[in-house]
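Read through the structure below, which is laid out as structure tokens, and then see the notes.
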Amino acid sequence: MAMKGYLDEYEKLVIRMNTPRVVIDNGVCSSATIVKVDSPRGHGILLEAVQILTDLNLSIKKAYISSDGRWNMDVFHVTDINGNKLNDQSVLSYIEQSIETVYYGEDIEVNGLTALELTGTDRIGLLSEMFAVLSDLNCDVVDAKLWTHNGRVASIIYLKDCTTGSPILDSHRLSKIEGRLKNVLNGDNDVNSAAKTCVSMDVMTHVERRLHQLMFEDRDYEKRSKRHERDPMVVVTVQNWAERSYSVVNVHCRDRTKLLFDVVCTLTDMEYAVFHATINTSSDQAHLEFYIRHKDGSPISSEAERQRVIQCLEAAVERRASEGVRLELRHPDKQGLLAEVTRTFRENGLNVTRTEISTSCGMATNIFYVTDGNGDGADSKLIESVREKIGLECLRVKEMPSLNHKKGDGEEEQQTKAVLVSLGSLVWRNLVSFGLIKSCS
């Protein structure tokens with residue numbers, strides 16, 4: 001009995017030593033709330049903390065990530081979506097409690113629903129055809145997220161049976177659903193565009209992280225066409241700091257919500273560990289610098305690997321970049337609602353580039369980003385015409401796209417700034433190497 005009591009106390013001590021400690025300070029900075037996280041080093045711990053903050057729709061204005069031996073010290077400057085400090089005590093308590101339970105590795109689970117994972121070739125009207133198939137097969141779409149990038153599409157859809165409200169369990173029916181959707185998702189005769197579908201009772205990974213993984217597995221980062229050109233405002237550089245065995249990654253792009261999550265998610269899933277990082281945002285621009293190694297402690301070792309990291313990070317930034325007009329649909333949920341709405345989009349030449357579907361208490365709240373058939377901004381008169389057909393009170397314009405950036409002085413200035421920042425970082429590292437300044441490694 002004495003030995004058992006000793007072990008219990010030892011286990012409690014180990015848990016306390018390895019549980020992240022969170023301190024939230026609203027007094028140090030006048031423009032942001034400071035969230036400090038001290039945690040043991042562990043693959044994915046940084047991602048979990050960033051995920052918790054971004055899932056609350058908080059903006060991370062600045063961040064400093066530092067590793068000292070086996071311990072991480074992370075500082076985040078965060079605001080709400082309107083740029084204000086966090087004053088809601090329930091939100092502050094949720095942040096503390098959530099980050100402090102990261103150590104236990106709690107799973108994410110959606111109960112009572114069937115999950116579909118889909119990848120395939122993107123095209124105009126695809127979403128309409130997908131929802132038409134599901135409606136025809138008596139499937140109720142409860143939640144869904146869909147991303148498009150470089151002519152590819154990835155989606156996670158949560159379903160239940162329209163009649164019973166229960167998850168769909170019958171294997172023959174599931175096979176039929178998969179087969180019908182695969183036919184819709186398959187592109188032309190290009191063998192590389194083959195669609196993939198997967199059915200499960202739950203998705204254990206964070207949904208948006210899983211979407212990044214699906215796109216990565218589909219190799220969307222290397223599939224370019226004239227219609228899907230790389231965003232010239234996204235600049236990624238990778239250099240090796242041989243003296244300290246780090247690879248230094250710089251990302252310069254337009255600032256947006258969840259940007260840090262997307263980049264850290266990609267580095268984590270590519271099996272890189274972040275030892276140090278600095279994140280700064282100013283106006284609508286963001287600069288992120290990461291000092292990384294492989295999980296085994298080695299830096300990037302070849303030019304091919306360096307180019308792959310650049311391509312994957314460019315894709316990570318671009319996937320969630322909002323393209324087109326943001327439309328929000330709020331409507332009492334009913335069978336076939338999504339099929340009707342997306343059919344109206346298709347019949348009027350609107351292409352859906354990204355969507356988020358959610359249903360709660362019988363009310364559907366759906367967000368669509370739409371462009372014209374060429375991927376350009378849709379005409380305002382066309383948007384109003386579509387709203388009239390669906391319902392002006394149900395379908396509202398929530399965000400118009402920013403003006404398209406044309407190749408010119410502004411873009412060249414953006415790229416020049418990114419290169420100068422990268423060069424400045426290189427000079428600093430050389431000064432450290434020659435012992436002219438000190439730095440913690």
H252 side, atom NE2; N280 side, atom CG - distance, nearest 0.5 Å
10.5 Å
Taking the side chain as C-beta and beyond, is there a heavy-atom pair between T197 and I177 under 4.5 Å?
no
Using atom types as modelled and distance alone, determine if a side-chain donor or acceptor of N240 lies under 3.5 Å from a backbone N or O of A242.
no
Any side-chain heavy-atom pair from Q335 and C162 closer than 4.5 angstrom?
yes
Please determine if K295 and E271 form a salt bridge, counting it only when a charged side-chain N lies under 4.0 Å from a carboxylate O.
yes
Closer than 3.5 angstrom, by distance alone: can the side chain of T114 be matched with the main-chain N or O of K160 as a donor-acceptor pair?
no
Would you indicate whether the side-chain heavy atoms of M270 and T266 approach each other to under 4.5 Å?
yes
Is the side chain of T344 donor-acceptor paired with the backbone N or O of E340 at a distance under 3.5 Å, no angle test?
yes
Which pair of non-hydrogen atoms, one from I168 and one from D161, has the smallest distance, and what is that distance?
CG1-N, 3.9 Å
Of all heavy-atom pairs linking L181 and M130, the shortest is CD2-O, 4.0 Å
Residues passing the salt bridge (charged side-chain N to carboxylate O under 4.0 Å, His left out) test with E96, sequence neighbours excluded, are none
Y221 versus M215: any side-chain heavy-atom pair under 4.5 Å?
no
Considering non-hydrogen atoms only, spot the tightest contact between A339 and S135 and give its length.
CB-CB, 4.3 Å
Residue pair D122, H149: steps toward the side-chain hydrogen bond (donor to acceptor under 3.5 Å, both in side chains) verdict
CA-CA 8 Å; D122 184 32; H149 180 245; over 6 Å; no
Does E318 reach the main-chain N or O of D231 with its side chain, forming a donor-acceptor pair under 3.5 Å?
yes
Has the side chain of N72 got a donor or acceptor atom that lies under 3.5 Å from a matching backbone atom of L46?
no
May I ask you to decide whether D218 forms a salt bridge with R152, counting only side-chain N to carboxylate O separations under 4.0 Å?
yes
Please set out all donor-acceptor pairs under 3.5 angstrom arising from side-chain atoms of residues 359-366, sequence neighbours excluded.
from : atom 1 : to   : atom 2 : distance (Å)
T359 : OG1    : V142 : O      : 2.9
T365 : OG1    : R330 : NH1    : 2.9

Show your reasoning for whether side-chain contact (heavy atoms from CB on, under 4.5 Å) applies to R180 and D136.
CA-CA 10 Å; R180 290 275 299 274; D136 184 56; 3.2 Å; yes
By side-chain contact (heavy atoms from CB on, under 4.5 Å) - contacts of T79 (at least two apart)
A32, S59, K61
Chi angles and distances behind the side-chain contact (heavy atoms from CB on, under 4.5 Å) call for L260, L288:
CA-CA 8 Å; L260 182 58; L288 302 84; 3.8 Å; yes
Within the structure provided, determine whether Y158 and V141 are in side-chain contact (heavy-atom separation under 4.5 Å).
no
How are the rings of W147 and H212 set to each other: parallel, tilted or perpendicular (split at 30° and 60°)?
perpendicular
Measure from the side-chain N and O atoms of T54 to the backbone N and O of Q51, and report whether any donor-acceptor pair falls under 3.5 Å.
yes
Ring centroids only, cut at 6.0 angstrom: are H276 and Y64 within range, meaning strictly under it?
no
So that I can tick it off, tell me whether E384 and K381 are bridged by a salt bridge, with the cut-off set at under 4.0 angstrom between side-chain N and carboxylate O.
no
Relative to F275, does R293 satisfy both conditions: NZ or CZ under 6.0 angstrom from the six-membered ring centre, and within 45 degrees of the ring's axis?
yes
Apply the test side-chain contact (heavy atoms from CB on, under 4.5 Å) to residues T281 and Q285: give CA-CA distance (whole Å), side-chain angles for both, the deciding distance (0.1 Å), then the verdict.
CA-CA 6 Å; T281 63; Q285 299 299 309; over 6 Å; no
Output, in order, the C-alpha distance, side-chain angles, deciding distance and verdict of salt bridge (Lys or Arg N to Asp or Glu O under 4.0 Å) for E305 and R308.
CA-CA 5 Å; E305 183 185 1; R308 185 167 178 262; over 6 Å; no
Nearest 0.5 angstrom please: L118 CG to L116 CG, how far?
5.5 Å
Salt bridge flag under 4.0 Å for residues D262 and R320
yes
How close do R387 and V397 get, heavy atom to heavy atom, and via which atoms?
CD-CG2, 3.9 Å
Tell me which one of V251, V248, I279 satisfies side-chain contact (heavy atoms from CB on, under 4.5 Å) with E289.
V248
Any side-chain to backbone donor/acceptor pair from N186 onto A195? Under 3.5 Å, distance only.
yes
At what distance, to the nearest 0.5 angstrom, does OG of S155 lie from CG of L214?
9.0 Å
Mind listing the closest non-hydrogen atom pair of P20 and V37 along with its distance?
CB-CG1, 4.3 Å
Using the side-chain contact (heavy atoms from CB on, under 4.5 Å) criterion, which residues pair with S93? Sequence neighbours excluded.
Q89, Q97
Atom pair OG1/CD of T205 and Q213 - distance to nearest 0.5 Å
5.0 Å
Given side chains that start at C-beta, do those of N26 and L92 come closer than 4.5 Å, heavy atoms only?
yes
In Å, rounded to the nearest 0.5 Å, how long is the span from CG of L337 to CG of L329?
5.5 Å
Between E347 and K389, is there a salt bridge with N-O shorter than 4.0 Å?
no
Counting C-beta onward and ignoring hydrogens, is there a side-chain heavy-atom pair between K398 and Y369 closer than 4.5 Å?
no
How about K196: does its NZ atom have over 12 heavy atoms from other parts shown lying under 6.0 Å from it?
no
Not counting sequence neighbours, which residues clear side-chain contact (heavy atoms from CB on, under 4.5 Å) with R346? List them please.
S128, E129, R343
Treating S298 as the side-chain partner and H294 as the backbone partner, does any N or O pair qualify as donor plus acceptor under 3.5 Å?
no
Distance (rounded to the nearest 0.5 Å) between K62 NZ and S282 OG
9.0 Å
Could you check whether any side-chain heavy atom of V249 comes within less than 4.5 Å of a side-chain heavy atom of Y291, counting everything from C-beta outward?
no
Less than 4.0 angstrom from a charged side-chain N to a carboxylate O is my criterion; do R256 and D284 meet it?
no
Indicate the atoms forming the closest heavy-atom contact of V352 with T148, along with that distance.
O-CG2, 4.2 Å
Within the distance-only criterion (no hydrogens, no angle test), does the side chain of D170 pair as donor or acceptor with the backbone N or O of H172 below 3.5 angstrom?
yes
Whether K85 and D80 form a salt bridge (side-chain N of Lys/Arg under 4.0 Å from carboxylate O of Asp/Glu) is what I want to check.
no
Is the backbone of L137 close enough, under 3.5 Å, to the side chain of R173 for a donor and an acceptor to pair up by distance?
yes
List the steps, then state whether side-chain contact (heavy atoms from CB on, under 4.5 Å) holds for N57 with K258.
CA-CA 8 Å; N57 285 326; K258 302 192 177 184; 4.2 Å; yes
By side-chain contact (heavy atoms from CB on, under 4.5 Å) - contacts of T268 (at least two apart)
H43, L47, R209, V264
